[in-house]
Amino acid sequence: MKKENSHAKEGAERTRRAIVKLLKHNGSMDALSLASQLGVTAMAIRQHLYDLQEQRLVTFKEESRTMGRPAKMWTLTSEANRLFPDGYADLTVSLIESMKEAFGDEGLEKLLEIRNRKQLEDYRNKVPASLPLKEKLKTLAESRTAEGYMADVIENSDGSFCLVEKHCPICEAAKACTGLCKKELDMFQRILGDGIEITRGEHILKGDSRCVYWIKPE
């Protein structure tokens, strides 16, 4: 009996991890969509969602439907970020604070410039200037995903693209040092080249569930 209970607990934990991963990748989803993807009943999914809600890992908003009752659309909370890679957040934040104390804001800015220059060189080696824009974005997204950003590229009907990052492994560090985020737009611009307009829409640091960069040939 104990072995059966242990297997049941492990199975439930795997399902909850799968739910969290799907919500991270896809954004808000209802129980029926989650059940369809995971091959379990909607009733079982709802129970897992309520368990995750008690842990403050998920929340929901009701969305009206043309027929029937409103549907609960579930999303991850900011508390769920701890379940994903954080880029050694505590250590990084501590180092940033120490650098500010030791070198001041000007010194920290110089260190950020050095970091960005090295990161830019690395991306340029991986994303040749000769590639078409779509291929550049796909290669850039692969590199960002390897760093923990969970990045995807969406091609829009008007010829523009969205670079979507569903996780920020340096989020806590970016809160302590906003310069980390501010320089990303400039870095992406240099990698993608001239004649490309880049704007940031959704932003994790502003409370959104993901970062979205709109990229459009001028």
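Sequential numbering from 1 along the given sequence is applied to the chain's residues.
No donor-acceptor pair under 3.5 Å is formed between the side chain of Ser33 and the backbone N or O of Met29. Between the side chain of Glu142 and the main chain of Ala146, no donor-acceptor pair closer than 3.5 Å is present. Side-chain atoms of Ser28 do not come within 3.5 Å of backbone N or O of Thr75 as any donor-acceptor pair. At distances below 3.5 Å, at least one donor-acceptor pair connects side-chain atoms of Asp208 with backbone N or O atoms of His203.
When each of Leu111, Leu112, Asp105 is paired with Glu109, the side chain to side chain contact (heavy atoms under 4.5 Å, CB included) condition holds for Leu112 and for no other. Here the rule is salt bridge (Lys or Arg N to Asp or Glu O under 4.0 Å) with Asp30, and of Arg65, Arg69, Arg46, Lys72 only Arg65 fits it.
With hydrophobic clusters built from ILVMFWY side chains whose heavy atoms lie under 4.5 angstrom apart, Val58 shares a cluster with Ile19. In this structure, Val20 is a member of the same hydrophobic cluster as Tyr50, with clusters built from ILVMFWY side-chain heavy atoms closer than 4.5 Å. Residues Val212 and Met150 fall into different hydrophobic clusters, defined by Ile, Leu, Val, Met, Phe, Trp and Tyr side chains chained together at heavy-atom separations under 4.5 Å.
Taking CG of Leu49 as the start and CD of Glu54 as the end, the distance is 12.0 Å to the nearest 0.5 Å. Taking CG of Leu52 as the start and CG of Leu57 as the end, the distance is 5.5 Å to the nearest 0.5 Å. One distance of note links CE of Met73 with CG of Leu23; it measures 9.5 Å at 0.5 Å rounding. Here the CZ-SG distance, from Arg200 to Cys211, works out to 6.0 Å after rounding to the nearest 0.5 Å. Note that the CG atom of Asp51 and the CZ atom of Arg16 stand 5.0 Å from one another [nearest 0.5 Å]. Distance check, rounded to the nearest 0.5 Å: CD of Glu147 to SG of Cys168 gives 11.0 Å.
Under a 4.5 Å side-chain heavy-atom criterion applied to ILVMFWY residues, the cluster that includes Leu133 comprises Leu120, Tyr123, Val127, Leu137, Leu140, Val153, Phe161, Leu163, Leu185, Met187, Phe188, Ile191, Leu192, Ile196, Ile198, Tyr213, Ile215 as well.
For NZ of Lys138, the number of neighbouring non-hydrogen atoms (other residues, nucleotides, ligands) closer than 6.0 Å is 12 at most. Atom CD of Glu62 has more than 12 neighbouring heavy atoms from other residues, nucleotides or ligands inside a 6.0 Å radius. For Arg115, the CZ atom sits in a packed shell: over 12 heavy atoms of surrounding residues, nucleotides or ligands are nearer than 6.0 Å.
Listed here is the closest heavy atom pair of Trp74 and Ala31: CD1-N, 4.5 Å. Here the closest non-hydrogen pair linking Pro128 and Lys136 is O-CE, 3.6 Å. Considering every non-hydrogen atom in both Ser160 and Pro217, the closest pair reads CA-CD, 4.5 Å.
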What side-chain donor-acceptor pairs closer than 3.5 Å can you find for residues 34-44, not counting sequence neighbours?
| unit_1 | atom_1 | unit_2 | atom_2 | d |
| --- | --- | --- | --- | --- |
| Thr41 | OG1 | Ala44 | N | 3.1 |

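Arg210 places none of its side-chain heavy atoms less than 4.5 Å from the side chain of His167. Within the 4.5 Å cutoff, the side chain of Ser209 has no heavy atoms near those of the Ile204 side chain. The closest side-chain heavy-atom distance from Lys126 to Ser143 is below 4.5 Å.
Under a 4.0 Å N-O distance rule, the pair Lys216/Glu197 does not qualify as a salt bridge. Ion pairing between a basic and an acidic side chain is recognised when a charged N comes within 4.0 Å of a carboxylate O; Lys134 and Glu155 show such pairing. A salt bridge does not link Asp122 to Lys118: none of the charged side-chain nitrogens sits closer than 4.0 Å to a carboxylate oxygen. A salt bridge links Arg144 with Glu184: at least one charged nitrogen is closer than 4.0 Å to a carboxylate oxygen.
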Test log, rule side-chain contact (heavy atoms from CB on, under 4.5 Å), inputs Tyr149 and Lys166: CA-CA 6 Å; Tyr149 288 89; Lys166 301 156 193 168; over 6 Å; no
Does the pair Lys183 and Glu113 meet the rule for a side-chain contact (heavy atoms from CB on, under 4.5 Å), with working shown? CA-CA 9 Å; Lys183 293 184 180 296; Glu113 288 176 2; 4.1 Å; yes
What's the verdict on side-chain contact (heavy atoms from CB on, under 4.5 Å) for Gln53 and Phe60, showing C-alpha distance, side-chain angles and the deciding distance? CA-CA 9 Å; Gln53 186 182 31; Phe60 70 85; 3.6 Å; yes
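A donor-acceptor pair shorter than 3.5 Å cannot be found between the side chains of Asn125 and Glu121.
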